[in-house]
Protein chains: 2
Amino acid sequence: MKNNDDICDLLERLSTLFRNEVRQAGLVHGLHPVHLEVLFYLNKCNKFSDTPAAVKDFLGATKGTTSKSITLLETKGYVVKKQDTKDKRVYHLSLTEAGRQIAADNMPPMSLRAALTRCSDSETSPLKQQLESLLVDIQTATSSLSFGLCKTCRFHLAKNNTAFFCELTGEDLPSQYGELICREHTLKSLCE
Amino acid sequence: MKNNDDICDLLERLSTLFRNEVRQAGLVHGLHPVHLEVLFYLNKCNKFSDTPAAVKDFLGATKGTTSKSITLLETKGYVVKKQDTKDKRVYHLSLTEAGRQIAADNMPPMSLRAALTRCSDSETSPLKQQLESLLVDIQTATSSLSFGLCKTCRFHLAKNNTAFFCELTGEDLPSQYGELICREHTLKSLCE
DNA sequence: TGAATAAAGTTTCGATGCGAAACTTTGAGT
DNA sequence: ACTCAAAGTTTCGCATCGAAACTTTATTCA
């Protein structure tokens, strides 16, 4: 019981520091933390997940709020919006070079990256596993989407070295697509 | 290298989920995440750390912004402000019963507490240690205050079962004070 | 086929966050 | 006594944020 309270405090501090550093980084570009979150997401999501609705789920905000944040990024020249050819209700978002640069420079924040690179791979491996199970636990409890990498999804079927099959969309896709975030990402099993 | 990227992603998700749940919890009281952070802090800080300036450092915001957030909490009846008798520039903040209740109910967020109670103490022990070292690493790198518990401070000298001595203020204090957050908290050593 | 319904996004409203900078009051140092 | 620093407050301008009303386009189902 004692550990749990301490861990809550630690995560609270990490969460606040994380956000403060992101805020500081965005300030020089006139951006708020939520904008950097959007740039970060668009820089890593796959082609099924680049819509305002997906961004809304990622942020956990309302669609009205998300719409305005995206509009701001568009007017600042960091994001481009393009209408879907088949479903005219849908828009696809992509980063401009300037937007991609800001995302790459600031997300994740420098101090976090620096702190982690000071650790060896064997040191961080158990941490990764524990954070993973904690995250899965919270996501299922709050029934929020997992936004995991495509290749870790239950619908991802490896075919060979250069391609895989997505059981959800029924498409053959090149392997490097598997490294991207998918809004439809589904956990392989709830209890393992 | 691979683990580090993944851990960054995991912390990003945890951070966002954390904040979203806090936002949701605060919404029913008309409070923003930052207000719950303040209530959380005031509920756990010691008597040297209950000032607007300390809250400012905890939040990592400017003093103007912090001042307005505190004023709002005051008008809503969750916080009381009282001028220091010796230094009239300083004000001391305390929670009303309503404020204390909201803090206790919502911080840390329910899903996080629930996820952690599903784990045994032996499971979470290594996680705690790793998060601690990660946090210390980031705090020293960004030269931000640690806001740790009094009893983990280098100036905390245990005397007996009911009291300790604070080398910083030169005061004898009851043991239970050691469980509170201190703005002057100083890490015992940087490399151990 | 046609009407109801749902889904994706936008717009408007009002309260507030947020940084920056100017300001007041009070204490500390020389 | 004079200067400087520290703690807080106030004002300004822009943006977030949720809620709710709205438009446009798809889908469902009768």
For [X], enumerate each residue passing the salt bridge (charged side-chain N to carboxylate O under 4.0 Å, His left out) test, keeping only those at least two apart in sequence or located in another chain.
| X | answer |
| --- | --- |
| A:Lys151 | A:Glu179 |
| B:Lys159 | B:Asp172 |
| A:Glu167 | none |

Practice prompt. Tell me, please, which residues at least two apart from B:Phe18 pass ring-ring contact (aromatic ring centres under 6.0 Å, His included).
Written response: none
Worksheet item: By a strict heavy-atom criterion of less than 4.0 Å, which residues belonging to residues 13-32 of chain B are in contact with DNA chain C?
Response: B:His32
Worksheet item: Is a side-chain donor or acceptor of A:Thr142 paired with a backbone partner of A:Ile138 at a separation under 3.5 angstrom?
Response: yes
Fill in: For DNA chain D, the residues among residues 80-108 of chain A that have a non-hydrogen atom under 4.0 Å from it
A:Lys86, A:Asp87, A:Lys88, A:Arg89
Worksheet entry | Residues within residues 42-75 of chain A bordering DNA chain D, heavy-atom distance below 4.0 Å | A:Ala61, A:Thr62, A:Thr65, A:Lys68, A:Ser69, A:Leu72
[Y]/[X] salt bridge by N-O under 4.0 Å criterion:
| X | Y | result |
| --- | --- | --- |
| B:Asp9 | A:Lys44 | yes |
| A:Lys86 | A:Asp84 | no |
| B:Lys47 | B:Glu171 | yes |

Worksheet item: Residues sharing A:Phe155's hydrophobic cluster, by side-chain heavy-atom contacts under 4.5 Å among ILVMFWY, directly or via others?
Response: A:Leu168
Inter- and intrachain pairs under ring pair (Phe, Tyr, Trp, His ring centres under 6.0 Å), touching [range], at least two apart:
| range | answer |
| --- | --- |
| residues 68-108 of chain B | none |
| residues 120-153 of chain A | A:Tyr41-A:Phe147, A:Phe58-A:Phe147 |
| residues 157-187 of chain B | B:His156-B:Phe164 |

Discussion item. What is the first contacted nucleotide of DNA chain D and what is the last, in 5' to 3' order, if contact means an atom lying under 4.0 angstrom from a heavy atom of chain A?
Written reply: D:dA15 to D:dA26
